[in-house]
Amino acid sequence: MIRERIKRWDYWLVGILILAAFLYGWSIWTAGYSNNFYTAAIVSMSESWKNFWYASFDPASFITVDKPPVALWFMVICVKIFGLHGWSIVLSSVLFGIGSVALIYKMIKPYFGRLAANMGAFFMTITPIVVAVSRTNNMDATLVFFLLLAGYLLQVAVSKQRAWLVAVSFALIGVAFNIKMLQAFMVLPAMYFFYWIASTAGWKKKIMHLVAATAALVVFTLLWPLAVDSTSTSKRPYIGSSSTNSVLNLAFGYNGSQRLLGQTSGTGGRFSGMGGSSKKGNHAGKMNGTRPTGSKKMTAPKGMTGIKKAGTAGGQTGKMGQNGGGGGGSNIFNVGSAGPFRLLQKALGQQVSWMFPLALMGLIATFLYEIKKQRRWWQTTKKQQQLFYWAGWLVPVGAFFSIASFFHPYYMVMVAPPLAALAGIGVATFVGALRTSKPQWQLYLLAASFWLTGILQAWYAYSYYPWLSWIIVAGTAAASLLAVFFYRNTLKSMVCAAVATVFLSLAPGFWALTPTLAGASDAIPSAGPDLLSSSGGASGGLGSEQANTKMIKYLEKHNNGAKYLFATMDSNTAAPYIIKTKKAVMTIGGYNGTDNAISLAQFKKLVKEGKVKYFYLSGKTTNSALVRWVKKYGTKVKSSEYSNSSSTQQTTTGKSNTAMKQGTPGKGGKRPSGKAPQGMKGNQMGGRKNMKQGQPGKNGKTSSNSQTSSFGGSMGGQSGTLYKLD
């Protein structure tokens with residue numbers, strides 16, 4: 001029995017899963033603590049059930065992180081089993097990433113065959129942003145897995161006519177909402193439409209099934225938010241990044257409408273037009289002269305000057321270094337110009353769109369190829385129904401990110417599954433067309449898609465490796481043309497088709513390999529050659545601040561059992577201390593110091609009760625009354641008592657990349673000789689541990705190194721002031 005099962009294994013799939021495990025998991029044990037913001041929450045959530053339930057940022061459950069808890073729950077479970085390590089906090093993401101590859105295979109194979117399933121799984125595996133995200137403790141790898149699992153169960157429900165599975169699949173979308181909120185709902189149009197056209201039940205039963213499924217969706221969506229919001233605010237933590245201390249407000253505001261229209265909270269300024277308009281030339285990432293790839297002229301976005309001033313500490317303002325190419329870590333706000341072709345621009349395309357023309361033409365050719373099998377013009381075949389599902393995923397998600405104002409490039413992991421699936425189906429359809437006795441128009445269309453895909457990839461790769469661009473274009477064109485030429489010779493045409501596919505896999509495969517080679521586990525993940533340079537990984541240090549061991553010793557000696565080790569304004573400052581000491585640090589302003597988590601009167605009461613004895617003032621804040629009170633009545637501690645030049649750094653890369661040299665990769669992958677990139681003033685270079693001063697962090701906020709930042713708090717006591725609250 002076991003031997004028979006082994007014989008039925010798809011060894012190509014086994015190899016693909018091994019490749020995924022390598023890309024997603026290799027060297028994560030040297031990668032540090034990834035996003036310290038979430039790592040601090042993992043530490044805190046592992047301390048008590050209350051913290052676990054609410055996704056508390058600090059052990060005292062004063063404030064939460066800005067996301068729901070489900071993805072963090074899996075990370076906490078791994079930490080409870082294996083202990084707190086750099087690899088244990090990202091282990092669940094690695095496993096979910098591998099699981100997503102397997103689900104792509106399972107969803108494609110029953111309808112399009114083994115070749116299409118293997119190619120779809122392979123393209124998913126080597127999608128650069130999928131690799132980068134799966135190596136971090138961000139929520140996106142978990143989110144994509146649950147969305148794919150919901151789609152797979154919906155397929156099973158249709159094929160086996162199981163109405164209860166329809167409800168389960170929609171309930172999983174509700175669970176996914178509690179991973180990353182409204183982002184999970186982007187696939188709902190595809191699910192509703194797919195079930196309506198694919199189910200063989202009568203229309204009345206379809207309506208009943210979908211009503212029941214919607215009810216399950218609503219229940220599992222609102223179960224946690226309503227449970228939290230209905231709890232007295234005195235018995236739960238403040239909901240971080242919300243404006244009304246409400247989970248639903250967080251979902252529909254900060255994590256909802258502001259993603260589309262522009263951020264108006266959490267950073268102290270409005271990020272309207274982060275991606276800008278191609279007509280107006282308002283590009284994403286227009287910060288302090290940083291130039292995203294494909295942009296000609298960059299200016300600061302609206303509201304950024306005010307943020308810059310507000311975030312200035314110690315009379316200095318950090319600058320972001322210029323970085324061409326956009327191939328990983330170059331600029332976390334670089335999301336291209338808003339418009340219908342935004343996903344193809346280098347800013348986002350280098351992360352996810354390497355197979356876009358092949359996926360699009362594969363969709364068209366395969367769908368039209370099935371028309372002759374339709375009984376009536378309004379009916380659809382099973383293959384067409386599946387194509388509608390993947391297109392129904394791709395179109396709404398792609399449309400949203402084409403016009404959205406506030407997001408990071410790594411959100412493109414949401415379009416990776418449909419692009420990978422459709423590209424894999426396109427390859428299989430091309431091979432099938434080569435096997436026909438008479439060439440059909442689909443064959444020429446798909447051959448053209450190989451050429452166009454090769455040209456797009458060459459454009460992506462040219463700013464780094466011109467030689468690779470020529471190889472891709474020449475190799476893909478020659479191999480696909482020969483495949484068509486030899487269509488009567490099955491063996492030769494198949495070999496040529498395989499060679500063309502290999503050429504199309506070279507560049508995205510290398511881009512996908514860069515996070516693994518760099519040992520990256522970035523707070524703002526990205527992939528590309530920039531990660532292999534000293535100036536690469538601009539996002540690498542985000543959320544990876546330092547804990548000042550001397551300040552920790554001072555506070556532990558003089559705190560006399562206070563509930564909080566100290567209070568501060570923002571989470572970037574607090575996170576490394578929570579991770580290192582597992583003690584409570586009060587983060588009054590939430591992630592970026594702009595929340596109103598506590599009033600001045602409440603804070604004064606805590607000080608009077610002896611629960612807060614020290615306040616570390618750094619970064620920016622909107623709570624000016626509280627800060628003025630601290631400055632007026634607090635006693636400054638001599639900096640020599642708690643400040644030192646060396647700190648314990650929680651890095652995202654636990655090793656120095658000796659291959660990295662100063663300068664960014666330029667044309668042909670060459671680097672300028674010895675000069676630091678523009679905007680790197682006052683910052684050391686020579687390893688991914690050294691970060692650009694003032695680079696923006698998670699959700700548009702910045703962390704800083706030993707200097708200061710334009711947005712958030714300073715790092716680990718290096719530029720702030722410690723006050724004793726008598």
Side-chain angles (χ1 to χ4, degrees), residues 70 100 102-113 116-117 120 143-179 181-226 363 366-397 399 414 417-418 421-422 425:
V70 172
S100 295
L103 284 172
I104 290 283
Y105 178 91
K106 292 287 289 183
M107 294 179 72
I108 297 175
K109 183 177 179 292
Y111 306 97
F112 298 96
L143 173 66
V144 169
F145 175 83
F146 272 87
L147 297 182
L148 285 169
L149 182 60
Y152 172 68
L153 290 181
L154 187 61
Q155 282 186 345
V156 175
V158 169
S159 63
K160 296 187 176 182
Q161 300 183 27
R162 300 287 191 270
W164 65 273
L165 273 179
V166 181
V168 172
S169 67
F170 277 76
L172 284 175
I173 300 299
V175 175
F177 174 89
N178 289 288
I179 294 174
M181 296 190 160
L182 291 177
Q183 192 169 326
F185 286 177
M186 289 181 171
V187 302
L188 282 176
M191 295 182 67
Y192 278 108
F193 186 68
F194 171 75
Y195 186 74
W196 186 260
I197 65 172
S199 175
T200 57
W203 66 270
K204 291 183 180 180
K205 286 188 175 181
K206 287 181 183 179
I207 292 176
M208 292 175 59
H209 296 166
L210 289 177
V211 168
T214 303
L217 168 69
V218 171
V219 169
F220 279 83
T221 295
L222 297 179
L223 183 63
W224 184 80
L226 290 183
L363 167 66
T366 308
F367 185 87
L368 296 180
Y369 188 79
E370 289 290 305
I371 287 180
K372 61 184 179 181
K373 300 179 182 180
Q374 293 177 246
R375 296 179 183 177
R376 296 179 178 86
W377 68 268
W378 66 84
Q379 294 178 331
T380 53
T381 66
K382 289 185 177 180
K383 286 186 178 181
Q384 287 176 328
Q385 292 162 6
Q386 296 298 317
L387 292 172
F388 271 125
Y389 174 78
W390 292 116
W393 181 326
L394 176 62
V395 172
V397 175
M414 280 290 293
L422 292 172
I425 293 168

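This structure is a prediction, so every number in the text was calculated from the model and none was measured. Just so it is clear, the values below take in all heavy atoms, side chains as well, and ignore hydrogens, waters and symmetry mates.
Side chains of Tyr111 and Ile425 form no contact here, defined as non-hydrogen atoms less than 4.5 Å apart. At a threshold of 4.5 Å between non-hydrogen side-chain atoms, the residues Phe112 and Leu387 count as touching. Counting heavy atoms from C-beta outward, Phe185 and Leu217 have side chains that approach closer than 4.5 Å. Using a 4.5 Å heavy-atom cutoff, the side chains of Leu188 and Phe170 are in contact.
Residues Met191 and Tyr389 share a closest heavy-atom pair of CG-CE1, 4.1 Å. Here the shortest heavy-atom pairing between Pro396 and Ala391 reads CD-O, 4.1 Å. The two atoms that bring Asn178 and Thr221 nearest to each other are ND2-O, 3.4 Å, heavy atoms only.
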Mind listing the side-chain donor-acceptor pairs of residues 143-160 below 3.5 Å, one per line with the distance, residues two or more places apart or on another chain?
from   : atom 1 : to     : atom 2 : distance (Å)
Gln155 : NE2    : Met107 : O      : 3.2
Gln155 : NE2    : Gln386 : OE1    : 2.4
Ser159 : OG     : Gln155 : O      : 3.2
Ser159 : OG     : Val156 : O      : 3.1

Please tabulate, one pair per line, all N/O donor-acceptor pairs under 3.5 Å involving side-chain atoms of residues 202-212, not counting sequence neighbours.
from   : atom 1 : to     : atom 2 : distance (Å)
Lys206 : NZ     : Trp196 : O      : 2.6
Lys206 : NZ     : Ser199 : O      : 3.2
His209 : ND1    : Tyr195 : OH     : 2.7
His209 : ND1    : Lys205 : O      : 3.4

request  = Show your working on side chain to side chain contact (heavy atoms under 4.5 Å, CB included) between Gln384 and Ile371 and close with a plain yes or no.
outcome  = CA-CA 9 Å; Gln384 287 176 328; Ile371 287 180; 3.9 Å; yes
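The number of heavy atoms from other shown groups lying within 6.0 Å of NZ (Lys383) is above 12.
Every residue meeting the ring pair (Phe, Tyr, Trp, His ring centres under 6.0 Å) condition with Phe367, not counting sequence neighbours, appears here in chain and number order: Phe388.
Atoms CG and CG, on Leu226 and Leu223 in that order, are 8.0 Å from each other to the nearest 0.5 Å.
Looking only at distances, a side-chain donor or acceptor of Trp393 sits under 3.5 Å from a matching main-chain atom of Met414.
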